[in-house]
Protein chains: 2
Amino acid sequence: MKRITIKDLAKYLLLSTSTISRALVNDKNIHPDTKKKVLEAAGKLGYKPNPTALNLKYGQSKNIGLVVPEMITPFASKVLRGIQNILYPLGYRVIITESDENPLIERKNLQLLEEFNVDGILINLSHETHNEDLYQQIMDRGIPLVFFDRIPGKSLDASRVVVNDHIKASLMIEHLIDTGRKRIAHIMGPSSIRNSAERAAGYQRILTKHGLFDPELMIQPEGITFEDGRNAAIQLLNKKIGFDSIFAFTDTLAIGAMNYLLEQNIKIPDEVAIAGFSGTELATIVHPQLTSVAQPLVQMGEAAAGLILEKIKDSEALSRTIVLDAELIYRASTR
Amino acid sequence: MKRITIKDLAKYLLLSTSTISRALVNDKNIHPDTKKKVLEAAGKLGYKPNPTALNLKYGQSKNIGLVVPEMITPFASKVLRGIQNILYPLGYRVIITESDENPLIERKNLQLLEEFNVDGILINLSHETHNEDLYQQIMDRGIPLVFFDRIPGKSLDASRVVVNDHIKASLMIEHLIDTGRKRIAHIMGPSSIRNSAERAAGYQRILTKHGLFDPELMIQPEGITFEDGRNAAIQLLNKKIGFDSIFAFTDTLAIGAMNYLLEQNIKIPDEVAIAGFSGTELATIVHPQLTSVAQPLVQMGEAAAGLILEKIKDSEALSRTIVLDAELIYRASTR
DNA sequence: CCGAATTTTGGTAACGTTCCCATGAATAAT
DNA sequence: ATTATTCATGGGAACGTTACCAAAATTCGG
């Protein structure tokens, strides 16, 4: 019941706590026999080091905070997986908070994590600029921040992990054109998210290059839920401008739109091809399966974890931005 | 940069740390003026109590572990939401681990959480019996365990949160019969999961009652992924026994099966109606939307968190089982 | 076989906080 | 005024661990 400590071992073996500690920590200044005895006793009595005591001693909490906009798509869980791959073996814990795409809740989450005394925070923004003051404050108070996926403006000195949105969006549009599509609609992401602009720019650049660009084909939904995707499809149909394909900011929007089109008995991909952007299982659990830009999400988590460790080890470490390569995966929704 | 402590305040105000502590902790034995001064100084210097120190002092880590079989469906995240609703305001942190439906990984996760010195563990099993020895050991070592959704056998003395699987499965079958289905197939869950048996029993009871039961209609897939659902549908078709509807152990299996049927140009629900069991958004992001038993997942998390708090406060507290009421939601896949 | 060098061990402060006990100051009762 | 009584504050131990320094034990060289 009662936790057994180094002191109990000391009493049991008639040794000092220092000696016990040395045995446990692989210090060179200890007699091999003593060490063996201590290790045996530790095993027998079931000694477990108390991480809290160490944290107090070394002024660390060994907690890393994670802030994500949502967790109903598997996006965050895949990133989390990557984060845990790196951090758990090192004895760090990860505390997760969800912002519901709401900068105010995000703010609360950050404050909560600060109260929890985390050693660093990994964050996927819900809104590019809304909490920039707080990000800076937190970093000023000595807690490193690493941004991934949705990142803040350049003025903030912090490490980042992203994929090359512009290029991959461009390639996806090229793919749609290759498969014979001429009227490619774009369901955009919120203007408050940097990636939206990047992906939209890729879309626009390629269409312009092929002389196919028409601003009427760009739809700006309210948010980025399935419902928003659905509404975007409704809008597109209402416009009666004709379109033979859709490139959506995320798989979520794409699926929302696709489902509405299916309800209207529109054939996918025959009448309308659809492509998204994400990297989660979502793309494969719908019918037809969704062509999509697959971001390496696990890797993204690993990279973010690595960057935060750099900053924790050395608070003067320079900020870095890691750009990961995403992969286009062609599925039934575009062929 | 450097964290400011109670000692810094003491030095700054020329008082003892005891007095500062008393002011901060709302002790009665302190002069109101002194208290005011301390509080002001604390605000000015930006004092934040160090939770690690408190944890050491009180022998708690204020960490609660969560073990779930998977996180690609939003099941776990909804439960987590409920858990956080209860635990975060009380200053607890939640550490999440994922077992990948693998009892061996589950075992590792439990050991990891124990090393992390958690005050309690909330767990959704990946396999009913595989780690029962470890559950018992952990509880013997004074760490309370609360099971939710997938629970272990009765022999284990621990609190549990479940829904009434049997009744809700029964009602779902009644619904299918009401809508004119006569050949209702069941894609079963693994026999190593208690809920599988419960839901299958409900299925069997109602069909027998109506004289519609045919063991040939019960399919046992390997696991519970989308892929397994898909394979189950393939099996069903291969059997060539005829079926006009499917009740699956979970939405995941249901969707996997549905997508295969759609690929075979089988009309849902006209030719085959489909119903699942879960309570996540998954049911609404597919086309057609899935009729399903919606478990109150957030509430499940809240209940589980409440139960673990009972055990933490009083290690002698009696174990309780909370049975939540699930709701049938009828959608396009059955009408 | 003795002093020097080396190895092994013990003692204690420190991390930040609270809590018990003791001390000093102020107030109340006689 | 003098002793009790309350009130306000200070001192120090404790939670579990490590790290530094000192002390003891052992080995080595001559």
Side-chain angles (χ1 to χ4, degrees), chain A residues 1-39 41-42 45-63 91 114-119 141-142 312, chain B residues 1-39 41-42 45-63 91 114-119 141-143:
Chain A
M1 211 72 353
K2 193 195 150 285
R3 191 177 187 95
I4 126 129
T5 75
I6 237 173
K7 288 187 190 171
D8 300 321
L9 286 178
K11 217 176 295 173
Y12 179 74
L13 293 170
L14 302 174
L15 286 170
S16 73
T17 56
S18 323
T19 305
I20 307 289
S21 172
R22 270 186 289 257
L24 260 20
V25 86
N26 256 324
D27 195 292
K28 68 226 72 183
N29 292 323
I30 189 160
H31 195 93
D33 293 356
T34 321
K35 183 170 165 182
K36 211 176 107 196
K37 258 188 291 182
V38 171
L39 258 27
L45 301 192
Y47 169 77
K48 293 250 178 78
N50 184 332
T52 313
L54 296 185
N55 295 344
L56 177 59
K57 186 152 185 65
Y58 295 120
Q60 295 195 329
S61 69
K62 285 269 183 179
N63 287 144
E114 219 184 335
E115 262 176 44
F116 277 177
N117 206 18
V118 295
D119 296 336
R141 285 188 217 114
I312 290 175
Chain B
M1 212 73 351
K2 194 195 150 287
R3 194 179 183 91
I4 128 128
T5 77
I6 237 173
K7 287 188 190 172
D8 298 323
L9 287 178
K11 215 175 296 172
Y12 180 74
L13 293 169
L14 302 175
L15 287 169
S16 74
T17 56
S18 324
T19 306
I20 307 289
S21 173
R22 270 185 288 257
L24 259 21
V25 86
N26 255 326
D27 194 293
K28 70 225 73 179
N29 290 323
I30 190 161
H31 195 93
D33 294 355
T34 321
K35 183 170 165 182
K36 212 176 107 196
K37 258 189 291 182
V38 172
L39 259 27
L45 302 192
Y47 168 77
K48 292 248 179 83
N50 184 332
T52 312
L54 297 186
N55 295 343
L56 177 59
K57 184 148 188 69
Y58 295 120
Q60 295 195 331
S61 71
K62 284 272 183 174
N63 286 146
E114 220 184 335
E115 261 175 46
F116 277 176
N117 205 18
V118 296
D119 296 335
R141 285 188 217 114
I143 302 179

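These numbers were taken from a predicted model, which means no experiment stands behind them.
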Spacing between [X] atom [atom1] and [N] atom [atom2], to the nearest angstrom:
{"X": "A/Q60", "N": "D/dT18", "atom1": "CD", "atom2": "P", "result": "14 Å"}
{"X": "A/L9", "N": "D/dT17", "atom1": "CG", "atom2": "P", "result": "9 Å"}
{"X": "B/N26", "N": "D/dA8", "atom1": "CG", "atom2": "P", "result": "14 Å"}
{"X": "A/L15", "N": "C/dT9", "atom1": "CG", "atom2": "C1'", "result": "8 Å"}
{"X": "A/Y58", "N": "D/dT18", "atom1": "OH", "atom2": "P", "result": "6 Å"}
{"X": "B/D27", "N": "C/dC19", "atom1": "CG", "atom2": "P", "result": "8 Å"}
{"X": "A/K7", "N": "D/dT18", "atom1": "NZ", "atom2": "P", "result": "13 Å"}
{"X": "B/L54", "N": "C/dC15", "atom1": "CG", "atom2": "P", "result": "16 Å"}

Please tell me which of the listed nucleotides, [options], lies nearest to the side chain of [X]?
{"X": "A/P32", "options": "C/dT8, C/dC15, D/dT9", "result": "C/dT8"}
{"X": "B/R22", "options": "D/dT9, D/dG16, C/dT9", "result": "D/dT9"}
{"X": "A/H31", "options": "C/dT8, C/dA14, C/dG10", "result": "C/dT8"}

Keeping A/R3 on the side-chain end and B/R141 on the backbone end, is there a donor-acceptor pair under 3.5 Å? no
Using a 3.5 Å distance criterion without hydrogens, assess whether the side chain of B/S61 forms a donor-acceptor pair with backbone atoms of B/N117. yes
Is B/S16 side chain donor-acceptor paired with the D/dG11 base, going by distance under 3.5 Å alone? no
Between C/dG11 and A/S18, counting only base atoms on the nucleotide and side-chain atoms on the residue, is there a donor-acceptor pair under 3.5 Å? yes
Base, sugar-phosphate, or nothing: which does A/K48 touch, judged by heavy atoms less than 4.0 Å apart? sugar-phosphate
Using a heavy-atom cut-off of under 4.0 Å over every strand shown, decide if B/N50 touches base, sugar-phosphate, or nothing. sugar-phosphate
State the [atom1]-[atom2] distance between [X] and [Y], to the nearest 0.5 angstrom.
{"X": "A/L45", "Y": "A/L13", "atom1": "CG", "atom2": "CG", "answer": "7.5 Å"}
{"X": "A/N50", "Y": "A/K57", "atom1": "CG", "atom2": "NZ", "answer": "13.5 Å"}
{"X": "B/L15", "Y": "B/I6", "atom1": "CG", "atom2": "CD1", "answer": "11.5 Å"}

So, does B/T34 get its side chain near the phosphate of D/dT9, meaning an N or O under 4.0 Å from OP1 or OP2? yes
5' priority, DNA chain D, between B/L14 and A/T5 [closest heavy atom]: B/L14
